[in-house]
Structure formats: C-alpha cells, structure tokens
Amino acid sequence: MNEAFLRNYRKILTALLILLLIPLTDACFYDRPLGDELIQSLDAARAWRESGSLVQTFQKAFQMMARDYQTRSGIFFSMLLFAMPLSVFGGDWLVGVNALLTILLMLYGFWRVAGCLQSLCRGVSQEAVRCAGLLLGLMVLLLLPDYHESIYWFGGAINYTVMSALAMLLFSAVFRAALDGKAPVWRLCLWCVGFFCLGGTNWMTPASSIVLYGAMAVWILITRRPKRLLLPYLFLLLGFATAALAPGNAARQETMNANVGFISAFLSSFQHSVLYFFSDARYWLFLLFLLPVFREIYTRTHFSFRAPLLVFAASVCVMAAAMFPVLYQCSYWAPRHTDLCFLLLCVLLPVNTFWLLGWFLRRAGYEPKAPDSSPKSSRAAFGMGAALLFLIGALSLPNMTFSPLRFNCTLQPVKVAARLLDGSMSRYSQAYDALVAEIKAHPGEEIHSASQPQDDILNANWLYTGDPQDWRNQGLCLYYGDGCTLVYDP
C-alpha cells in the first residue's frame, strides 16, 4: 500500500465527501426556526431589532441563560448559545447558516481527531492521516441516525452535535500536546475555558468527557507527561459541578417523569453500552474502508497493541457514562441522544477494532511487505472508491426497491437528496414563510390557519397546534406577531 495509492484514495474520498455535502448544504437554506428556538431567542432578537447593539443582544442572551439556570436547566453554556442563534441578527435564512456551521464543525472535529495520528505515529504518512479524517467524516454523514435533531433543529444541533465537536477539538488538542510535550500557557488557558464551558452542556458529553479525561489523566501520570495538562480536567469538573448544582435542574426533573433508580440506571448504562457497539452491522462494514489506513499504521510503527480487552473496557465505560444521564434523568430516548452516542462510537469503534486486529497480527507474527511503487495503485484506489459507492447504494435501497423518491431510504444524505428532488423541502419553506406573513399581517387578531408546514428532515412534528396557548403557537406569535394568537384549524 504505497503513497500513490493513499494519495489517489484521498482524492476519491474528497470527491465523495463533496458530493454528499451538496444536498446537505442545499437543504440548509430551506430550514426554518421552530417554536423553542423562537422562544429562547426572543429577547435577544428584540434587543437586536430595537438597538442594533451586539452588546445589548449578548446581554439579553446572558439574562435568558441566568433565568434558565434558576428555573429550567443548569447547562449554562448550551443555554447561552441557544438564546442567541445567528437568526436573531437578520432573518430566517441564517437558520441555514447555523445548520451548515454545525455540519462543518462536526467534520472538523473528526478531522482533528484523525490528526492525532501525526503525533501518535511519527512514521505515518500525511496522506494516511488525511484519509482517516475523510473516512470518519464520511462515516458520520452517511450513518448518522437522525439529521433533524442533530443538524437542522438548532436546539439539538447546538446542544449535542456542536458540543460533541467541541469535545473532539479540545481532547485532540490536549492529547497531541501530551504526546509532543508542548503546552504553551496561552493554549492551556484556552483549554481551561473550553473545558469549563464543555462541563455546562448536555449531560451526556460532560459525563463521558470526565471519564475519558480521567483515563487520560492516569496515562499522563504514568508516562510522566506534563502535569499542567491536568489543569483543564479540573476546569471540566468545575464546569460540570456548576451545571449540576443549578436550582433549575430540580424544576426540570419534576417534568421528566423519570422513575429509574440510580443503581438500575448505572447498571443498565453498561448493558446498553456493550450492546451499542454491536447494534448495527453497517458500522462494521464501513470500517473495511479504513483498512488501508490501519495497514499504514501497522507497517510504519512498532506498537505492540497490548491489552485490547482493557481498551474495550475503557471504551465501554466512556459510552456508558454518556448513556447514564439519559437513562437516569429522562423518561424517553430521543433521536438526538442516539446521535450523540453514534458520534462517540465513530471514534471508539475504529480504535477498538484496529487495536484488536493489531494485537492479533502482532501475536501471529505477521509482517506486511514493504510498500512498493506499483503503478496499480490508481486502480486499487478506484476499486476501494467503487466499493464504497456500491455500499452506499446498497444501504440506500431498503426492501429491494430502486426508487428512493417513493420509499424511506436507509441513509440520511440520500433521504435529503430525495426530499430536495421531490420538492417537499421547498414546499415546507414556502408554507412556513406564508404562515409567518399571515401572522405579521394580522396584529392583535386570532388567526385560524389550515396550513401545517412539515418535512421529515427539517421538521417532522407539528409546527403549531389547535391550542393557542401551546408553547409552539406562542413562540410563532411572540417572535413574528404583534399581540395575535394562532390556531391550527384544518
């Protein structure tokens, strides 16, 4: 597996990633804000409209976060960002920018995780590292279970997907600093702030981060890495404690109807964690396309790949930590929770699979041939790309149907492309804009509308209901209207 193969493979993967991003980017600009987004950002939007001052807008968002901390939830950093989406600065089209930035941040997070190979495996080629980053990006875009709650709904995107990306960026930076032995003071300060903020996000990411950083702290101490790299861990714990001690948590917990005991949820999280690694054969199939990168690592380094069971046990603990808050605090398991676990799996599963494979090959005494300069590299890379395209096509056609426009597709990017082609996204945005225009045109009136904008990617639920006091109805009226009420009357 020579450098020419990896270079050609990287070009094919880049083309596939760009191809996937085209429909996802197009869909962003049909996206529109939903009820909770409108309510949370109402004060900041009014401040911007009335004053045009960024300081006053941020002040209103901060006040909303402080109020939520006392009455609703302690996840202070997520609530601050939730209160000030880009759409408050000018129009609903900026909701699409929020979604696009979510996609790009998610991909960049995996790119930085793959970049750790440069410091971990000094002899690995740059092309292998790039292929790893592209493949992780393709894996998450292709197999992410639900796009609506993790990309196109701002509340789920900012609280789960973006925070997962933040965790990947922070951990990859600290890990590479530990390997390189370089941690400038200014970077250390940024990491401390970042980890403190990470502690005040959705409970799943901080919980798994605490376990992961705990394992990394043990490794730092055992291998005598710079001990100052333990300082961000303290800030992560401080941020999590700040969120956990918020008065608003108790008020929210009363509405969750969760009756699971602590011990039961703790044990169940480990059970769910182990099973989740084997929950979908597609994840394992996709790992086949990472084999060229693994071969490069195996050939260029002298890792012994010791204790694969210990690596798997640590991974189970990290996943269980992510699952525990949902099992203990919530009365339901939402798609955004599954998506966050999947993002974590996209890092843990390749590490465990290739660590076990490396352990087996080292024990078997297998040593691959030295890389050659065969001209067949282009054909081999094209073959890998063709196989990946075939897998994408096969997984996109459930029930042996050849019409993704008429049936629900397995892969989310194919579903997005289908909704764009059949015009449902366009109809959704037009119906939404027409409803907003109707609200604006009837200040102080009770509006009865038969329109119910829906799209299974952008918004699969009802935008508003027949109850004018419903929070979704009130969100639309308060944000767009002037003293009016809205009733769904088909």
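The structure presented is a predicted model; accordingly, all values stated were derived computationally and were not measured.
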Spatial distance of atom CD1 (Ile12) from atom CG (Leu17) [nearest 0.5 Å]: 14.0 Å
Could you go step by step and tell me if Gln118 and Arg176 meet the side chain to side chain contact (heavy atoms under 4.5 Å, CB included) rule? CA-CA 9 Å; Gln118 286 183 300; Arg176 293 190 68 171; 3.3 Å; yes
Decide if the gap between the ring center of Phe5 and the ring center of Tyr9 is smaller than 6.0 angstrom. yes
Taking it one step at a time, do Trp203 and Phe324 satisfy ring pair (Phe, Tyr, Trp, His ring centres under 6.0 Å)? CA-CA 9 Å; Trp203 304 109; Phe324 173 76; over 10 Å; no
Check whether any side-chain heavy atom of Met64 lies under 4.5 Å from a side-chain heavy atom of Asp68, and answer yes or no. yes
d(Leu198 CG, Ser164 OG) to nearest 0.5 Å is 8.5 Å
NE2-NE2 distance between His448 and His442, expressed to the nearest 0.5 angstrom: 11.5 Å
Neighbour count >12 (heavy atoms, 6.0 Å) for atom OH, Tyr480: yes
Do Arg67 side-chain atoms and Arg72 backbone N/O form a donor-acceptor pair below 3.5 Å? no
Could you walk me through whether Val140 and Met106 pass side chain to side chain contact (heavy atoms under 4.5 Å, CB included), step by step? CA-CA 9 Å; Val140 70; Met106 178 175 64; 3.9 Å; yes
Given Arg282 and Leu142, is the side chain to side chain contact (heavy atoms under 4.5 Å, CB included) satisfied, shown in steps? CA-CA 10 Å; Arg282 297 177 304 168; Leu142 285 169; over 6 Å; no
What's the spacing between Ile103 CD1 and Cys28 SG if we round to 0.5 Å? 4.0 Å
Glu438 versus Ile447: any side-chain heavy-atom pair under 4.5 Å? yes
Any donor-acceptor N/O pair, Asn473 side chain to Thr465 backbone, under 3.5 Å: yes
Shortest non-hydrogen contact from Thr57 to Ala44? CG2-O, 3.5 Å
Over 60° means perpendicular and under 30° means parallel, so tell me whether Trp333 and His337 are parallel, tilted or perpendicular. perpendicular
For Ser426, is there any backbone N or O sitting under 3.5 Å from a side-chain donor or acceptor partner on Ser429? yes
Would you say Thr161's side chain and Ile151's backbone share a donor-acceptor pair under 3.5 angstrom? no
Give the ring-plane orientation class for Phe342 versus Tyr283, where under 30° counts as parallel, over 60° as perpendicular and anything between as tilted. tilted
Just how far is it from atom CG of Leu290 to atom CD1 of Ile297, taken to the nearest 0.5 Å? 9.0 Å
Do Ile439 and Cys484 have side chains that approach each other closer than 4.5 Å (heavy atoms only, starting at C-beta)? yes
To the nearest 0.5 Å, how far apart are CG in Leu478 and CG in Leu486? 11.0 Å
Does any non-hydrogen side-chain atom of Arg130 lie less than 4.5 Å from one of Trp111? yes
Met84 and Lys60: side chain to side chain contact (heavy atoms under 4.5 Å, CB included), yes or no, with the steps? CA-CA 9 Å; Met84 198 171 63; Lys60 288 294 183 180; over 6 Å; no
Identify the two heavy atoms, one from Cys341 and one from Met204, that lie closest to each other, and give their separation to 0.1 Å. SG-CE, 3.7 Å
Do Asp455 and Ser424 have a side chain donor and acceptor closer than 3.5 Å? yes
For the backbone of Ala243 and the side chain of Asn249, can you confirm whether one donor and one acceptor N or O come within less than 3.5 Å of each other? yes
Donor-acceptor contact present, side-chain Tyr432 to main-chain Pro33, <3.5 Å: yes
Check the pair Phe171, Phe195 against ring pair (Phe, Tyr, Trp, His ring centres under 6.0 Å), reporting the backbone distance first and the verdict last. CA-CA 9 Å; Phe171 273 106; Phe195 274 107; 5.3 Å; yes
Arg32 pairs by side-chain contact (heavy atoms from CB on, under 4.5 Å) with which of Asn459, Asp433, Val95? Asp433
Students often mix this up, so state it plainly: with edges at 30° and 60°, are the rings of Phe277 and Phe312 parallel, tilted or perpendicular? perpendicular
Does the Asn159 side chain pair with the main chain of Ser78, one donor and one acceptor, at a distance under 3.5 Å? no
Ser125 side chain to Ala128 backbone, donor-acceptor under 3.5 Å: yes
Give the minimum heavy-atom separation between Leu94 and Phe89, together with the two atoms involved. CD1-C, 4.1 Å
Could you report the tightest heavy-atom contact between Trp471 and Gly35, atom names first, then the distance? CZ3-C, 3.8 Å
When you measure from the side chain of Tyr147 to the backbone N and O of Leu141, does any donor-acceptor pair fall under 3.5 Å? yes
For a 4.5 angstrom cut-off between non-hydrogen side-chain atoms, does Leu143 reach Asp280? no
Neighbour count above 12 (heavy atom, 6.0 Å) for His148 NE2: yes
Under the criterion side-chain contact (heavy atoms from CB on, under 4.5 Å), which of Thr205, Val318, Leu212 is the partner of Leu344? Val318
Is any side-chain heavy atom of Gln452 closer than 4.5 Å to a side-chain heavy atom of Leu463? yes
I'd like to know if the side chain of Thr353 reaches the main chain of Pro350, judged simply by a donor and an acceptor atom lying under 3.5 Å from each other, with no hydrogens or angles considered. no
What about Phe196 and Phe76, are their ring centers closer than 6.0 Å? yes
Least distance between heavy atoms, Glu149 atom then Ala334 atom: OE1-CB, 3.9 Å
Does Ile457 reach the side chain of Tyr428, with side-chain heavy atoms less than 4.5 Å apart? no
Taking the side chain as C-beta and beyond, is there a heavy-atom pair between Tyr464 and Cys477 under 4.5 Å? no
Can you tell me which residue among Leu81, Leu105, Leu343, Ile75 is in a side-chain contact (heavy atoms from CB on, under 4.5 Å) with Met163? Leu81
Of all heavy-atom pairs linking Ala320 and Ser269, the shortest is O-CB, 3.5 Å
